[in-house]
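Written out below as structure tokens is the structure these notes cover.
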Amino acid sequence: ILAMDFGFQPVDLSGVQFTEDVIQAIPAGFARAHSVLALARVGTDICVAVPDGSDLRLLDDIHRIVGCDVEVRVARRAQLREFIERLYPL
């Protein structure tokens with residue numbers, strides 16, 4: 001997986017147990033627009049899945065939104081979109 005070439009750990013979202021408080025850390029509109037999902041709290045940090053871990057502008061935006069340090073995992077864009085639709089119903 002290309003993500004590993006950049007030092008990012010890949011994640012399969014089907015193995016993640018999402019909690020409401022973590023999901024709500026990223027607003028639905030932002031999650032949909034950027035294919036981003038919060039996965040878990042890790043101490044005072046938050047772990048997020050993104051389609052492209054090298055997108056520094058996106059990572060900065062996520063950091064500003066969540067207000068804490070961000071641990072990055074990379075997931076397939078199609079899987080991110082599928083889970084965003086499931087977790088952020090219209």
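In this chain, residues are counted from 1 in sequence order. All values below come from the heavy atoms of this structure, side chains included, with hydrogens, waters and symmetry mates left out.
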Which pair of non-hydrogen atoms, one from [X] and one from [Y], has the smallest distance, and what is that distance?
X     : Y     : result
Leu37 : Ile26 : C-CD1, 4.1 Å
Tyr88 : Ala31 : CE1-CB, 3.6 Å
Val48 : Ala38 : CG1-CA, 4.0 Å
Ile46 : Ala25 : CD1-CB, 3.5 Å

State the [atom1]-[atom2] distance between [X] and [Y], to the nearest 0.5 angstrom.
X     : Y     : atom1 : atom2 : result
Cys68 : Arg41 : SG    : CZ    : 5.0 Å
Glu82 : Arg76 : CD    : CZ    : 8.0 Å
Phe8  : Leu59 : CZ    : CG    : 6.0 Å
Ile65 : Leu58 : CD1   : CG    : 8.5 Å
Arg32 : Arg81 : CZ    : CZ    : 12.5 Å

Quick one: list whatever passes salt bridge (Lys or Arg N to Asp or Glu O under 4.0 Å) with Arg64, sequence neighbours left out. Asp61
Just jot down the ring pair (Phe, Tyr, Trp, His ring centres under 6.0 Å) partners of Phe30, sequence neighbours excluded, or say none. His34
Just checking Arg57: does its CZ atom have more than 12 heavy atoms from other residues, nucleotides or ligands closer to it than 6.0 angstrom? no
side-chain contact (heavy atoms from CB on, under 4.5 Å), that's the test. Do Val50 and Val72 meet it? Break it down for me. CA-CA 7 Å; Val50 298; Val72 177; 3.7 Å; yes
Please list, one pair per line, the donor and acceptor atoms closer than 3.5 Å that link side chains of residues 11-19 to other protein atoms, with sequence neighbours excluded.
{"residue": "Asp12", "atom": "OD1", "partner": "Ser14", "partner atom": "N", "Å": "3.1"}
{"residue": "Asp12", "atom": "OD1", "partner": "Ser14", "partner atom": "OG", "Å": "2.8"}
{"residue": "Asp12", "atom": "OD1", "partner": "Gln79", "partner atom": "NE2", "Å": "2.7"}
{"residue": "Asp12", "atom": "OD2", "partner": "Ser14", "partner atom": "OG", "Å": "3.1"}
{"residue": "Thr19", "atom": "OG1", "partner": "Asp21", "partner atom": "OD1", "Å": "2.7"}

